[in-house]
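Working notes, structure below.
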Amino acid sequence: EKGIFQLLEAFSLALKKNNKIRLKVPGGLESAQVVEIVKKLGIEDHVILTKRVPYDQYLKSLRDILYDVDFVVVPSLYIDTWGRVVIESMLAGRPTIVTKGNGGLIEQVSDGVDGFHVNTYDIKEFSEALYKISLISREEVRKMGEIARDNAFQKFDNEIIMNQLIDLYKEISE
């Protein structure tokens, strides 16, 4: 449901067009299937799999996880109402790639502005999108990341959201 297998297959195809791309899969070592597919696809030299860490350690290690990452890919195959990893990535200044047409994720990411909406259901289309995104200059990626951070702060300001919810609940209760 998380789309990891589609991501690995699409990445392996994109890698054939651009052998300089890399993929990091936090928690990937926890899945024997993920490890097996990486080996089967012959992409182990281009994929970094790490162990899953508890949430409190995850927050402390987020900087290290994202340090050498240009884009974060959230290829969910089921409809997500909200993606915490999307906001964390945006706040860290990373443009985010999400599944086209996927509920809350496409509301979080503005296509072509602070990330991309891609078709993760079609492996060939997904791989082509990953390949094209891999060609974006580092300067443009950096600028998209800055926009992602700014957009996340503006769109998801806790105080504004809480005040809107309080007003809504007051209106409903009257």
Side-chain angles (χ1 to χ4, degrees), residues 1-50 52 62-80 82-149 151-152:
E1 294 177 337
K2 291 289 187 181
I4 183 63
F5 303 115
Q6 285 76 3
L7 173 58
L8 291 170
E9 286 187 51
F11 175 80
S12 73
L13 294 174
L15 184 61
K16 292 176 183 176
K17 291 184 173 187
N18 181 355
N19 69 355
K20 295 180 181 182
I21 59 176
R22 302 287 178 267
L23 179 65
K24 185 186 287 187
V25 183
L29 286 175
E30 305 299 318
S31 169
Q33 282 182 294
V34 168
V35 173
E36 180 183 326
I37 288 175
V38 167
K39 288 179 183 175
K40 178 182 168 191
L41 292 170
I43 58 176
E44 55 266 23
D45 291 341
H46 297 270
V47 177
I48 300 165
L49 301 175
T50 66
R52 182 178 301 273
L62 193 55
R63 168 181 232 143
D64 294 332
I65 292 170
L66 293 176
Y67 177 76
D68 58 350
V69 171
D70 292 329
F71 289 90
V72 173
V73 184
V74 184
S76 296
L77 299 176
Y78 64 94
I79 301 299
D80 271 327
W82 184 258
R84 187 187 75 221
V85 70
V86 173
I87 294 303
E88 290 170 344
S89 301
M90 292 174 73
L91 289 171
R94 299 301 184 269
T96 306
I97 301 167
V98 298
T99 302
K100 185 184 290 187
N102 190 329
L105 301 186
I106 61 170
E107 292 178 24
Q108 290 174 273
V109 175
S110 299
D111 190 30
V113 177
D114 54 17
F116 295 97
H117 301 172
V118 301
N119 183 359
T120 60
Y121 299 99
D122 181 308
I123 301 299
K124 288 182 182 179
E125 193 175 323
F126 189 12
S127 70
E128 188 63 23
L130 291 175
Y131 167 67
K132 287 179 180 175
I133 291 167
S134 78
L135 300 177
I136 297 173
S137 74
R138 293 193 69 71
E139 179 61 22
E140 190 173 342
V141 171
R142 187 189 61 73
K143 287 179 184 175
M144 286 182 82
E146 288 176 2
I147 292 169
R149 184 182 309 111
N151 286 349

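The model shown is predicted, which means the values in this text are computed figures rather than measured ones. Just so it is clear, the values below take in all heavy atoms, side chains as well, and ignore hydrogens, waters and symmetry mates.
When atom types are taken as modelled, the side chain of Asp80 and the backbone of Asn102 share no donor-acceptor pair closer than 3.5 angstrom. The closest donor-acceptor contact from the side chain of Thr96 to the backbone of Gly115 lies at 3.5 Å or more, if one exists at all. Checked by atom type and distance alone, the side chain of Gln108 pairs as donor or acceptor with a backbone atom of Gly83 at under 3.5 Å. Remark: the backbone N or O of Ser12 is not paired with any side-chain donor or acceptor of His46 at under 3.5 angstrom.
Residues Phe11 and Val47 come closest through the heavy atom pair CE2-CG2, 3.8 Å. Summarising the geometry of Leu105 relative to Trp82, their closest heavy-atom pair is CD2-C, 4.3 Å, with the distance given to 0.1 Å. Between Gly28 and Val35 the shortest heavy-atom distance is O-CG2, 4.0 Å. In this structure, Glu44 and Val38 approach most closely via the heavy-atom pair OE1-O, 3.3 Å. Summarising the geometry of Asn119 relative to Lys100, their closest heavy-atom pair is N-CB, 4.1 Å, with the distance given to 0.1 Å. Nearest heavy-atom pair across Arg94 and Val72 is CB-CG2, 4.0 Å.
Between Met90 and Val109, some side-chain heavy-atom pair lies under the 4.5 Å cut-off. With contacts defined as side-chain heavy-atom distances shorter than 4.5 Å, the pair Ile106/Val98 qualifies. Looking at Asp114 and Met144, their side chains never come closer than 4.5 Å, going by heavy atoms from C-beta outward. Put simply, the side chain of Asp68 reaches to within 4.5 Å of the side chain of Lys24, judged on heavy atoms. Looking at Phe126 and Asp122, their side chains never come closer than 4.5 Å, going by heavy atoms from C-beta outward. Proximity of Leu7 to Leu130: side-chain heavy atoms (C-beta onward) are separated by under 4.5 Å at one or more points.
Pairs engaging residues 131-148 under the side-chain hydrogen bond (donor to acceptor under 3.5 Å, both in side chains) rule: Asn18-Ser134, Asp70-Arg138, Glu139-Arg142, Arg142-Glu146 [sequence neighbours left out].
Remark: Asp45 CG to Asn19 CG distance equals 11.0 Å, nearest 0.5 Å. Atom CG in Leu8 sits 7.5 Å away from atom CG in Leu49 (nearest 0.5 Å). One finds the CD1 atom of Ile4 at 11.0 Å from the CD atom of Glu9 (value rounded to the nearest 0.5 Å). For the atom pair CG (Asn151) and CD1 (Ile87), the distance works out to 9.5 Å, reported to the nearest 0.5 Å. Note: Leu29 CG to Thr50 OG1 = 6.5 Å, rounded to the nearest 0.5 Å. Rounding to the nearest 0.5 Å places CD1 of Ile65 at 11.5 Å from CD1 of Ile48.
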| message | Does Glu36 form a salt bridge (Lys or Arg N to Asp or Glu O under 4.0 Å) with Lys40? I'd like the steps, not just the answer. | response | CA-CA 6 Å; Glu36 180 183 326; Lys40 178 182 168 191; over 6 Å; no

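Heavy-atom neighbours of Tyr78 OH from other residues, nucleotides or ligands within 6.0 Å: above the threshold of 12.
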